Amino acid sequence: MTSAHPPADRTETVGDSAGKLHILALDPVFRLADQPGPTRTYDLAQRLTQAGHRVSVLTTSAALKADAAPATVMPDAGMPHALMSVQVVRTTARARYGYPIAPSIFDAYARAVAWRIWAVKDVDAVLVTDRPLAVLPILLLFCAVRGIPRLLEAREGPPPRPDRTQPFARRIAMWLARGMFRLAAHGARQIVVLSPGVGSTLTALGIRETKILVNEPGCDTTLFAMSPGVTAAAFTTHPQLAQGPLVVYAGAMTAKRGLESILDLAAAMPASAANVAFVLCGDGPARGRLEARAAELGVLNQNVWFLDPLPRRDLPPLLGAATAVIVGGDNADPGESSGRFFDALAAARPVIVAAPGWHREIVESRGAGLGLPANDAAAAAREVADFLKGADGLRRASQQAAALAAGRFNLDRVASAVRKLIEDSVAADPRHAVMRRRTLRAKRAFDFVTSLAALIVLSPALLVLALAIQIKMGGPVLFSQLRPGLKGKLFRIYKFRTMTTAADVSGALLSDGARLTPLGRFMRRTSLDEVPQLLNVLRGDMSLVGPRPLLVEYMPYYTAEQHRRHEVVPGITGWAQVNGRNALAWEDKFALDVWYVDHLSLGLDAKILLKTVWIIASGRGVSTAGHATYQRFDEIMARRQGAEDV
């Protein structure tokens with residue numbers, strides 16, 4: 001797994017490595033700072049637009065204000081509005097902070113994505129969260145059709161393994177969900193995870209470590225930069241919170257957080273420090289149980305207060321007033337990514353951690369707070385009391401927290417790692433290159449099937465024509481010659497012979513006009529002499545459509561631009577052949593060949609094939625004026641360069 005943190009002395013360039021891109025971000029619960037909860041997608045989108053990229057967000061109304069419309073969800077601060085658009089899928093259900101997302105929200109979102117996504121034009125890359133799972137196959141198809149990279153942000157990781165005690169239908173559904181996740185993960189160009197724990201889970205599923213970027217939520221030091229005189233609103237309603245050391249927990253209240261141990265800590269605290277207050281700010285399915293537990297322990301509204309979740313923009317005053325921030329109990333999931341941990345660092349508050357895991361390792365290794373003993377509330381209370389009494393220790397921990405927030409975990413740096421990942425993914429295999437490869441593969445398949453069918457159908461007529469050539473001109477029936485093909489590689493081209501081998505008394509061949517027979521003239525006018533090249537098409541040396549393979553002797557005279565005609569497989573007919581054929585000047589013919597190289601498409605090939613039929617029927621452009629066939633390019637160039645023997 002790769003780290004989200006570039007070296008501190010690295011100079012970051014903004015938006016240069018892959019140009020200005022259009023990035024589609026899919027997040028069913030898109031939050032702005034005026035709502036409680038993480039604003040991960042908004043934070044990334046804001047910094048992507050600041051780098052000059054365009055971002056389209058497809059989300060639901062579940063976490064937006066009830067009166068928010070697609071045109072009014074744009075925040076005012078720091079956002080180049082012209083570079084960001086938000087499409088909102090209306091849902092009746094609301095996403096309550098701290099609670100699981102209602103299935104109806106995910107269902108409505110998946111249905112809307114299935115058809116709305118196709119209306120988003122000129123997308124260069126897609127960044128999608130791993131929920132709902134039903135969206136992931138849709139994105140897989142969308143990105144495959146558009147030829148663009150898909151980056152998966154695995155916020156939750158794979159669904160859990162089914163339990164044998166669960167109903168059979170439920171187990172089948174969970175296995176299908178895991179399979180869907182694995183398919184999406186393996187199909188993603190890159191995977192962004194918010195914690196090392198999720199990354200380890202993915203590598204256990206067989207995902208390459210080099211494909212995974214650990215990218216923590218990050219510290220928004222701008223948001224948490226406190227203005228002088230700002231006071232948390234909670235202090236107005238609960239003035240007792242300002243009377244002593246304050247320990248704050250701000251986050252979701254779920255079973256994973258192990259918050260019961262915080263209540264046990266609060267109950268044991270008066271024996272060591274009577275004036276320490278605890279605030280649990282948030283909501284979730286465990287809140288009612290926690291309040292009941294606090295009342296049972298006798299700490300509710302005594303030294304423990306519960307506050308409703310705050311909008312993210314109102315969180316800095318509360319955390320800024322805290323003596324320390326506690327980020328979970330001793331039974332918290334050690335692999336979980338915690339936005340509240342990074343908010344504590346951003347607010348430059350010492351962090352108290354009880355559970356083992358990577359948060360604790362960071363805090364203890366950098367001295368940014370305190371790690372508590374597990375399953376011993378009395379011992380934990382004594383350590384917290386001692387820690388809160390030590391002014392020097394608190395100051396050093398605060399400084400270390402601020403240093404982590406400004407450096408390793410700074411949101412701008414974290415977001416720049418995602419931006420660079422997107423830019424590098426696009427630059428490594430740009431959409432136009434993917435679509436061109438796809439066109440060339442389809443073109444080759446069409447060439448093979450068509451040439452094989454044509455050779456089978458035309459074989460009787462080809463035998464008759466070969467017999468006529470043998471009778472009129474003698475053998476051999478076929479003319480072969482080395483010609484330059486793709487990238488200038490030589491191959492042997494086949495044609496029906498149209499000229500005799502008549503020579504003068506010195507043994508030199510006569511002019512083309514003298515050797516061209518009536519049968520040969522007819523074959524050239526109708527292009528029947530080119531039909532054996534279907535064998536070259538079948539072998540892959542040529543295509544039905546492409547620049548004509550010319551003589552090897554011409555190559556030294558090509559300019560660099562004219563050499564580009566060899567960037568594609570040569571063809572039996574081409575853009576130059578349907579726009580003047582041999583009546584064109586060589587420079588004009590080469591210009592048309594290069595234009596075809598730059599604009600190659602299946603539609604253009606179809607147009608050329610249809611026009612070829614008309615050109616052959618009309619017999620136009622078979623030769624240049626005054627010549628039986630056409631003037632040799634090497635002879636023309638040699639004369640221009642002053643040669644006297646041509």
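Because the structure is a prediction, the values reported are computed rather than measured. Residue numbers run from 1 in the order of the sequence given.
When every heavy atom of M180 is checked against every heavy atom of L133, the shortest pair comes out as SD-O, 3.1 Å. Smallest separation of non-hydrogen atoms from L592 and A576: CD1-CA, 3.8 Å. Shortest non-hydrogen contact noted between V545 and G574 is CG1-CA, 4.4 Å. Between A417 and L213, the closest heavy-atom pair is O-CD2, 4.2 Å. The minimum heavy-atom distance linking A442 with L602 is given by the pair CB-CD1, 3.9 Å. Smallest separation of non-hydrogen atoms from H599 and L604: O-CD2, 3.5 Å.
To the nearest 0.5 Å, atoms CG (N579) and CD1 (I615) are separated by 8.0 Å. With rounding to the nearest 0.5 angstrom, the CG atom of L136 is 9.5 Å from the CG atom of L26. With rounding to the nearest 0.5 Å, the separation of CG in L48 from CD in E423 is 8.0 Å. Put simply, CZ on R521 and CE on M499 are 9.0 Å apart, with the number rounded to the nearest 0.5 Å. Note: L139 CG to L24 CG = 7.0 Å, rounded to the nearest 0.5 Å. Atom-to-atom distance recorded for K607:NZ and T612:OG1 is 12.0 Å, nearest 0.5 angstrom.
Salt-bridge annotation for D124 and R54: absent, with no side-chain N of the basic residue lying under 4.0 Å from a carboxylate O of the acidic one. Taking 4.0 Å as the cut-off between side-chain N and carboxylate O, R548 and E530 count as a salt-bridged pair. The pair R155-D27 counts as a salt bridge, with a side-chain nitrogen and a carboxylate oxygen less than 4.0 angstrom apart.
R632 contributes no side-chain N or O that, together with a main-chain N or O of E553, makes up a donor-acceptor pair within less than 3.5 Å. Side chain of R565 to backbone of F590: no donor-acceptor contact under 3.5 angstrom is found. In this structure a side-chain-to-backbone donor-acceptor pair under 3.5 Å is present from T60 to P28. Listed for the T59 side chain is a donor-acceptor partner under 3.5 Å among the backbone atoms of F30. Looking only at distances, no side-chain donor or acceptor of T450 sits under 3.5 Å from a matching main-chain atom of D447. For the pair R150 (side chain) and A125 (backbone), a donor-acceptor distance under 3.5 Å is absent. A donor-acceptor contact shorter than 3.5 Å links the side chain of R116 to the backbone of V88. When atom types are taken as modelled, the side chain of K211 and the backbone of A185 share a donor-acceptor pair closer than 3.5 angstrom. Listed for the Y557 side chain is no donor-acceptor partner under 3.5 Å among the backbone atoms of I636.
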Verdict with supporting geometry, S543 and K443, side chain to side chain donor-acceptor pair (under 3.5 Å): CA-CA 8 Å; S543 174; K443 179 181 171 72; 3.2 Å; yes
Test log, rule side chain to side chain contact (heavy atoms under 4.5 Å, CB included), inputs V57 and S85: CA-CA 6 Å; V57 179; S85 63; over 6 Å; no
Any chance you could lay out the side chain to side chain contact (heavy atoms under 4.5 Å, CB included) test for I212 and R208, step after step, and finish with the verdict? CA-CA 7 Å; I212 300 171; R208 299 191 315 273; over 6 Å; no
Take L467 and K472 through the test side chain to side chain contact (heavy atoms under 4.5 Å, CB included) and record every step on the way to the result. CA-CA 9 Å; L467 182 60; K472 293 291 186 179; over 6 Å; no
R524/T498 under side chain to side chain donor-acceptor pair (under 3.5 Å): CA gap, chis, key distance, verdict: CA-CA 8 Å; R524 289 201 173 207; T498 58; 3.2 Å; yes
CA sep, side-chain torsions, deciding dist, call: R483, N536, side chain to side chain donor-acceptor pair (under 3.5 Å): CA-CA 11 Å; R483 297 285 178 94; N536 292 111; over 6 Å; no
Is there a side chain to side chain contact (heavy atoms under 4.5 Å, CB included) between M542 and L535 once you walk through the steps? CA-CA 9 Å; M542 293 180 63; L535 291 169; over 6 Å; no
Evaluate the salt bridge (Lys or Arg N to Asp or Glu O under 4.0 Å) criterion for residues R437 and D429: first the C-alpha distance (whole Å), next the side-chain angles of each, then the deciding distance (0.1 Å), finally the verdict. CA-CA 11 Å; R437 286 200 307 271; D429 204 5; 2.8 Å; yes
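In this structure, the side chains of L544 and T573 stay at 4.5 Å or more apart for every pair of heavy atoms. Proximity of L462 to V531: side-chain heavy atoms (C-beta onward) are separated by under 4.5 Å at one or more points. Residues P532 and F479 are not in side-chain contact: their nearest non-hydrogen atoms beyond the backbone lie 4.5 Å or more apart. Proximity of R182 to P158: side-chain heavy atoms (C-beta onward) are nowhere separated by under 4.5 Å. Proximity of H22 to H53: side-chain heavy atoms (C-beta onward) are nowhere separated by under 4.5 Å. Residues L127 and L44 are in side-chain contact: their nearest non-hydrogen atoms beyond the backbone lie under 4.5 Å apart. Residues F633 and L550 have side chains not in contact (no heavy-atom distance under 4.5 Å, counting atoms from C-beta outward). Residues V128 and L151 fail the side-chain proximity criterion, which asks for heavy atoms closer than 4.5 Å.
Other residues, nucleotides and ligands contribute more than 12 heavy atoms inside 6.0 Å of the OH atom of Y558.
Remark: the D43 side chain and the T39 side chain contain an N/O donor-acceptor pair separated by less than 3.5 Å. A donor-acceptor pair shorter than 3.5 Å cannot be found between the side chains of Y494 and D541.
Geometrically, K589 engages W586 in a cation-pi contact defined by less than 6.0 Å to the ring centre and at most 45° from the axis.
Between H566 and H563, the ring planes are tilted. Angles from 30° to 60° get that label.
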